[in-house]
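Below you'll find the structure, written out as structure tokens, and then a few comments.
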Amino acid sequence: MTTKYPYLRQDFLASIVVFLVAVPLCVGVAVASGVPAELGLVTGIVGGLVTGFLPGSSLQVSGPAAGLTVLVFEAVSEFGVGTLGVIVLMAGLLQLAMGFLKIGRWFRAISVSVVEGMLCGIGLVIIAGQIYAAAGLKAPSTGIGKIAGLPGAFTDALGSTEALASLAIGAGTIAVIVLWKKLPKAVQSVPGALAAVVLATVATLAFGLPVATVTVEGLFGVIQVPGAGAFGELATPAIWGTIVAFALIASAESLFSAAAVDRLHDGPRTEYNKEMVAQGVGNTVCGLLGALPMTAVIVRSSANVNAGAKTKASRVLHGAWLLLFAAALPSALGLVPIPALAGILVHAGWKLIPFRQISALWRSHKGEALILVVTAVSIVAVNMFEGVLIGLALSVVKTAWEASHLRTEVVDKGAGPIQVHLSGNATFLRLPKILDSLEALPQDRPIELDLSGLHHLDHACRTALESWAERHSAVGTEPVRVTAA
């Protein structure tokens, strides 16, 4: 058994930690999306038992798409919960098509700074949001609102016995997870997150603390297979915009997450096209069950890696635990304090913030550090998808600027022609600098313009240099001699 499944123990323990992280995410995303909480659990189960089996990214874990909550809420408001399954189904089929067309491989070109910025931004949003959950308070909907509202939330918590008790459970959970690593190795064989939740549950029951617990009711009663009326909505042009948005955002979040997860472990790298297909299969099944759309979730995935998972078995098992507890033992989940789960998420969010990478980048590559910070701030201020796009755009601009690096050297020996040597890349971005240098040269002296050191000369620069040479070669002045690039 050990030889055939050498990592079974590590994957088993990691699956429990991922399960504990998944429960509040599944429930929270569903509530925020305006659908029954159980639909979030259905998507989490499919993410484990269906997508988890498929090739792509072995340690990445899928579940309800936090980045799609606003879009799902709007879709449910406009088309109804019954039509949600059709939207998710068609989005899944579109993802399958993109995977088979090998579009996923383009996501391998993501800048490391953008990925680190994505992790940082998501970590900040998670920490801010889960502090409210730990205090038993309702969190604002936006990332900026969550952070800006923290002082007021702490003030409110100080005036409430229930909130203080809830915060104590959350803080105690974090303390156990942090201190668990300082205990003997034999004790550490049990994941700290699991030990923390067990201790928090025991403390809540033993002292009768007024702390909210997880609420899950009938799982199968909420499953709604799309009917003929729901498929009839496909004749409405507006619904196709929502379908395309679901497919593109879900795909981007999953593959951005894959790039980030690959940086967290030394195991097999993601096969992007296969991962796109796996996500498509998952969303197709979720659509047939009338559940929420899924993406790969960086919080679960990082928890999976940090808990010591080695193979895809951990994510499959986490789906089995979700099914077991949500369908057969919902009362057992009802004993788990919500602030304990919030504490696990706060710790997971903290681990996502790349403190060392930021300081190292700032010392060696300030431009890359700026991209990281801007990406993180954009994710907090807007959302993950648009924040990453802003980071990618800034990365492209920086690359374009660096690619246009140009050196201009003027040699004037006092007699004879003035020699001008251009080396590097002459693009339209550097054109003002080039023309400023050339137009400052004496009008009555012959010029030799050497372009042989240029690696690249774009059309705009070539045209501008030819125009300058014509203007300089006026009556009484020798024509500018140009050595071609």
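Few gaps surround NZ on Lys366; more than 12 heavy atoms of other groups in view lie less than 6.0 Å from it. Residue-environment remark: CH2 (Trp350) stays at or below the threshold of 12 foreign heavy atoms within 6.0 Å. For His456, the NE2 atom is densely surrounded, since the number of other residues' heavy atoms within 6.0 Å is greater than 12. Arg269 CZ: more than 12 foreign heavy atoms inside a 6.0 Å radius.
Although no hydrogens or angles enter the test, the distance criterion places a donor-acceptor pair under 3.5 Å between the side chain of Thr155 and the main chain of Pro151. With Lys310 contributing its side chain and Tyr7 its backbone, the two residues share no donor-acceptor pair below 3.5 Å. Proximity of a side-chain donor or acceptor of Ser15 to a complementary backbone N or O of Phe12 within less than 3.5 Å is detected. A donor-acceptor pair is defined here as one N or O able to donate and one able to accept, closer than 3.5 Å; such a pair exists between the side chain of Arg315 and the backbone of Gly52. At least one donor-acceptor pair under 3.5 Å links the side chain of Tyr132 to the backbone N or O of Leu150. Between the side chain of Lys398 and the backbone N or O of Leu394 there is no donor-acceptor pair closer than 3.5 Å. The main-chain N or O of Tyr272 is never found under 3.5 Å from a side-chain atom of Thr270 such that the two would form a donor-acceptor pair. A donor-acceptor pair is defined here as one N or O able to donate and one able to accept, closer than 3.5 Å; such a pair exists between the side chain of Gln60 and the backbone of Ala258. Between the side chain of Asn304 and the backbone N or O of Arg300 there is no donor-acceptor pair closer than 3.5 Å. Formation of a donor-acceptor pair under 3.5 Å by the Ser254 side chain with backbone atoms of Ala296 is found in this model.
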Item to complete: Carefully, step by step, assess Ser467 and Arg471 under the rule side-chain contact (heavy atoms from CB on, under 4.5 Å).
Response: CA-CA 6 Å; Ser467 298; Arg471 292 196 305 271; 3.7 Å; yes
Worksheet item: Would Glu470 and His472 satisfy side-chain contact (heavy atoms from CB on, under 4.5 Å), going step by step from the backbone distance to the final call?
Response: CA-CA 6 Å; Glu470 289 178 5; His472 190 86; over 6 Å; no
Item to complete: Decide yes or no on side-chain contact (heavy atoms from CB on, under 4.5 Å) for Leu361 and Ser113, but give the supporting numbers first.
Response: CA-CA 9 Å; Leu361 273 179; Ser113 299; 4.0 Å; yes
Practice prompt. Please lay out, stage by stage, how Val420 and Asp450 fare under the test side-chain contact (heavy atoms from CB on, under 4.5 Å).
Written response: CA-CA 6 Å; Val420 181; Asp450 183 6; over 6 Å; no
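Side-chain atoms of Thr284 and Leu96, non-hydrogen and from C-beta on, do get closer than 4.5 Å to each other. The shortest side-chain heavy-atom distance between Lys274 and Leu54 does not fall under the 4.5 Å cut-off. For the pair Glu448/Thr483, no side-chain contact is recorded, criterion being any heavy-atom separation below 4.5 Å from C-beta on. Side-chain atoms of Pro339 and Thr173, non-hydrogen and from C-beta on, never get closer than 4.5 Å to each other. Residues Val88 and Leu292 fail the side-chain proximity criterion, which asks for heavy atoms closer than 4.5 Å. Leu93 is listed as a side-chain neighbour of Met90, based on a closest heavy-atom distance under 4.5 Å. In this structure, Ser62 and Thr295 have side chains that are not in contact, with every pair of non-hydrogen atoms separated by 4.5 Å or more.
Taking both residues in full, the closest heavy atoms of Val72 and Pro293 are given as CG2-CG, 3.7 Å, listed atom of the first, atom of the second, then distance. The two residues Val316 and Leu49 come nearest to each other via the heavy atoms O-CD2, 3.4 Å.
Considering Val18, Val23, Thr43 as possible partners of Leu322, the one that fulfils the side-chain contact (heavy atoms from CB on, under 4.5 Å) test is Val23. Applying side-chain contact (heavy atoms from CB on, under 4.5 Å) to Ile447 and the options Val480, Val410, Leu438, Val482 leaves one that passes, Val480.
With 3.5 Å as the limit, one finds a donor-acceptor pair spanning the side chains of Ser251 and Gln95.
Ring centroids of Phe246 and Trp240 are separated by 6.0 Å or more, keeping the two rings apart.
Put simply, NZ on Lys146 and CD1 on Ile126 are 10.5 Å apart, with the number rounded to the nearest 0.5 Å. For the atom pair CG of Leu89 and CG of Leu94, the computed distance is 11.5 Å after rounding to the nearest 0.5 Å. Rounding to the nearest 0.5 angstrom, the gap separating the NE2 atom in His455 from the CG atom in Asn425 is 6.0 Å. Note: Ser314 OG to Leu59 CG = 6.0 Å, rounded to the nearest 0.5 Å. Here the CD atom belonging to Glu233 is positioned 7.0 Å from the CZ atom belonging to Phe79, to the nearest 0.5 angstrom. Rounded to the nearest 0.5 angstrom, Leu422 CG and Thr408 OG1 are separated by 5.0 Å.
At a threshold of 4.0 Å, the pair Asp412-Arg445 counts as salt-bridged, since one of the basic side-chain nitrogens sits closer than that to a carboxylate oxygen.
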